[in-house]
2 protein chains.
Amino acid sequence: MLRGDITRAIRDAVMTELAVVGYGRLSIEAVARRAGVGKTAIYRRWSNKLEMVLEIVSDVAGRSVPLPDTGSFAGDLQLLLMIVSRALQHRIASQIIPDLMAEASRNPQIAETLQKALRTHQQAVGDKLIGQAVARGELPAGTDPELAVDLLLGPLYWRLAVARTPLPDDYLDKMIEAVTAALKATG
Amino acid sequence: MLRGDITRAIRDAVMTELAVVGYGRLSIEAVARRAGVGKTAIYRRWSNKLEMVLEIVSDVAGRSVPLPDTGSFAGDLQLLLMIVSRALQHRIASQIIPDLMAEASRNPQIAETLQKALRTHQQAVGDKLIGQAVARGELPAGTDPELAVDLLLGPLYWRLAVARTPLPDDYLDKMIEAVTAALKATG
DNA sequence: GAACGGCGGAACGCAACCGTTACGTCCTGG
DNA sequence: CCAGGACGTAACGGTTGCGTTCCGCCGTTC
């Protein structure tokens with residue numbers, strides 16, 4: 001019986017508000033104002049700020065990166081980096097993710113939610129990616145998928161979400177080359 | 001005439017409070033409580049929360065990483081990674097840095113301060129590191145120092161400050177191997 | 001021993017936000 | 001045509017924090 005358009009307005013407002021002021025300063029009243037909605041409409045759906053944010057965020061983050069299989073490691077890598085870099089250059093996402101990550105380090109519930117929504121999936125993608133490459137003989141058998149994920153996501157995350165420096169045109173290509181060489185070396 | 005011990009107590013309290021609740025929820029009253037100090041003592045030194053945090057943080061962050069020169073690229077790399085990983089595993093630092101980074105994306109003053117205190121210095125270290133290695137012939141001439149910094153700091157930052165996963169014993173060694181191979185490949 | 005000034009503590013008025021409640025409106029289904 | 005329920009608005013009492021002010025205490029300086 002809850003109206004869908006209202007719910008959607010609230011969800012949007014929460015994401016925007018998260019991006020603008022961060023979780024620490026997010027207030028229900030501001031969300032209601034931004035959504036053009038009464039506080040009652042919010043409290044009818046969620047019982048407090050934490051529950052609301054967790055539900056909304058985990059819902060959005062749940063729809064995540066597909067598992068690539070292009071037939072070659074270089075292709076998989078290129079596709080994955082494109083997808084991730086596009087996601088991390090999204091205005092809202094690049095504001096919200098670092099903020100929630102920081103918040104997660106002091107709030108176990110947020111940590112757990114993000115863990116489920118992001119990290120687990122990432123590692124699964126990484127495992128598959130490396131597994132395929134090893135099976136094809138493109139990477140040595142001992143290649144560590146965990147290190148691989150760090151080498152892949154770390155620099156991108158660092159640059160796009162932390163340092164907030166734009167990507168030069170050939171950056172992703174260089175990264176593919178670099179990461180490939182790195183992983184071959186650590187087998 | 002301001003008492004030094006009081007000032008020091010406040011500085012410590014600010015750092016701790018930043019780590020515990022983050023910038024967004026940091027309150028002058030909580031800082032005063034934690035420092036065992038009157039609010040007046042704080043307002044006698046700084047005129048508001050932002051000014052106080054900026055001054056204290058930039059002071060702490062100013063004392064930063066030395067420029068390594070061990071005579072070989074592998075040695076430089078090992079030393080640098082050790083220093084950085086130790087810093088990022090420090091309880092207070094690993095809480096405060098991601099929090100302020102997230103805050104910086106919405107507060108230009110914080111962004112500028114962090115830029116000065118951290119990023120500029122990092123890039124200088126990176127430039128020197130790569131420059132030395134190129135001069136010694138350990139890396140190809142075209143090696144991009146910016147990409148190098150990303151490849152070095154990204155994975156460490158990602159793992160220690162974001163994912164908060166502990167480092168296996170051989171992790172840094174693997175990283176050195178991987179990054180060296182990566183940089184040689186992109187020349 | 002008196003003046004000075006930083007100190008902690010307490011209280012101020014103001015603002016924002018919490019979570020809740022009461023009310024009147026509007027839409028929908030029966 | 002009427003009942004039900006979700007809606008926005010407004011107000012509630014309570015909490016927290018702001019930045020300021022005033023007080024009495026105490027160590028320093030002259």
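Just so we're on the same page: letters track the sequence lines, and every chain starts at 1.
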Round to a whole Å and report the spacing from [atom1] of [X] to [atom2] of [N].
{"X": "A/Trp46", "N": "C/dG19", "atom1": "CH2", "atom2": "P", "result": "14 Å"}
{"X": "B/Asn48", "N": "D/dG17", "atom1": "CG", "atom2": "C1'", "result": "14 Å"}
{"X": "B/Ile28", "N": "C/dA10", "atom1": "CD1", "atom2": "P", "result": "19 Å"}
{"X": "B/Ile42", "N": "D/dG17", "atom1": "CD1", "atom2": "P", "result": "13 Å"}
{"X": "A/Leu2", "N": "C/dC27", "atom1": "CG", "atom2": "P", "result": "18 Å"}
{"X": "B/Arg3", "N": "C/dC7", "atom1": "CZ", "atom2": "P", "result": "6 Å"}
{"X": "B/Lys49", "N": "D/dT16", "atom1": "NZ", "atom2": "P", "result": "16 Å"}

ask   = Side-chain donor or acceptor of B/Lys39 under 3.5 Å from a matching atom on the base of C/dG8?
value =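 No, no donor-acceptor pair under 3.5 Å.
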ask   = With no hydrogens and no angle check, do the side chains of A/Glu177 and B/Thr186 hold a donor and an acceptor under 3.5 Å apart?
value =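 Judged by distance alone, the side chains do not pair up.
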task = Go through A/Gln123 and A/Asp127 one step at a time and tell me if the side chain to side chain donor-acceptor pair (under 3.5 Å) criterion holds.
result = CA-CA 6 Å; A/Gln123 198 56 54; A/Asp127 289 353; 3.2 Å; yes
query = How would you list, by chain and number, every residue that makes a side chain to side chain contact (heavy atoms under 4.5 Å, CB included) with A/Ser72, sequence neighbours excluded?
reply =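 Once residues adjacent in sequence are excluded, the partners of A/Ser72 under the side chain to side chain contact (heavy atoms under 4.5 Å, CB included) criterion are A/Thr70, A/Ala74, A/Glu138.
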message = Salt bridge or not between B/Arg106 and A/Asp99? Use side-chain N to carboxylate O under 4.0 Å.
response =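 Yes, this pair counts.
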key: Pairwise 5' ranking along DNA chain C for B/Met1 and A/Arg25, keeping only the more 5' one   =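 Comparing both residues, the 5'-ward one is B/Met1.
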Selection from [options] that lies nearest to any side-chain heavy atom of [X]:
{"X": "B/Ala41", "options": "C/dG8, C/dC17, D/dA6", "value": "C/dG8"}
{"X": "B/Ser27", "options": "D/dG17, C/dG6, C/dC18", "value": "D/dG17"}
{"X": "B/Ile6", "options": "C/dC7, C/dC18, D/dA6", "value": "C/dC7"}
{"X": "A/Tyr43", "options": "C/dC18, D/dG8, D/dC7", "value": "C/dC18"}
{"X": "A/Arg45", "options": "D/dG8, D/dC7, D/dC18", "value": "D/dC7"}
{"X": "A/Arg33", "options": "C/dG6, C/dG8, C/dC17", "value": "C/dC17"}
{"X": "B/Arg44", "options": "C/dC18, D/dC7, C/dC7", "value": "C/dC7"}
{"X": "B/Glu29", "options": "C/dG6, D/dA6, D/dC18", "value": "D/dC18"}

Counterpart residues, salt bridge (charged side-chain N to carboxylate O under 4.0 Å, His left out), relative to A/Glu51 (two or more places apart) =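 By the salt bridge (charged side-chain N to carboxylate O under 4.0 Å, His left out) rule, A/Glu51 matches no residue at all.
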query = Is the side chain of A/Arg136 donor-acceptor paired with the backbone N or O of A/Gly71 at a distance under 3.5 Å, no angle test?
reply =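 Yes; at least one donor-acceptor contact below 3.5 Å.
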task = Name all stems that contain residues of DNA chain C, defined as runs of 3 or more consecutive Watson-Crick or G-U wobble pairs, both distances under 3.5 Å.
result =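 Only these stems qualify: C:1-30 with D:1-30.
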inquiry  = Any base atoms under 4.0 Å from A/Thr40, or only sugar-phosphate, or nothing? Heavy atoms, all strands.
reply    =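 Base, at least one base atom sits under 4.0 Å.
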key: Six-ring centre of B/Tyr171, B/Arg159 cation under 6.0 angstrom, axis tolerance 45°   =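 B/Arg159 over B/Tyr171 ring: yes.
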task = Among A/Leu160, A/Leu156, A/Val162, find the one that has a side-chain contact (heavy atoms from CB on, under 4.5 Å) with A/Trp158.
result =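 Answer after filtering A/Leu160, A/Leu156, A/Val162: A/Val162.
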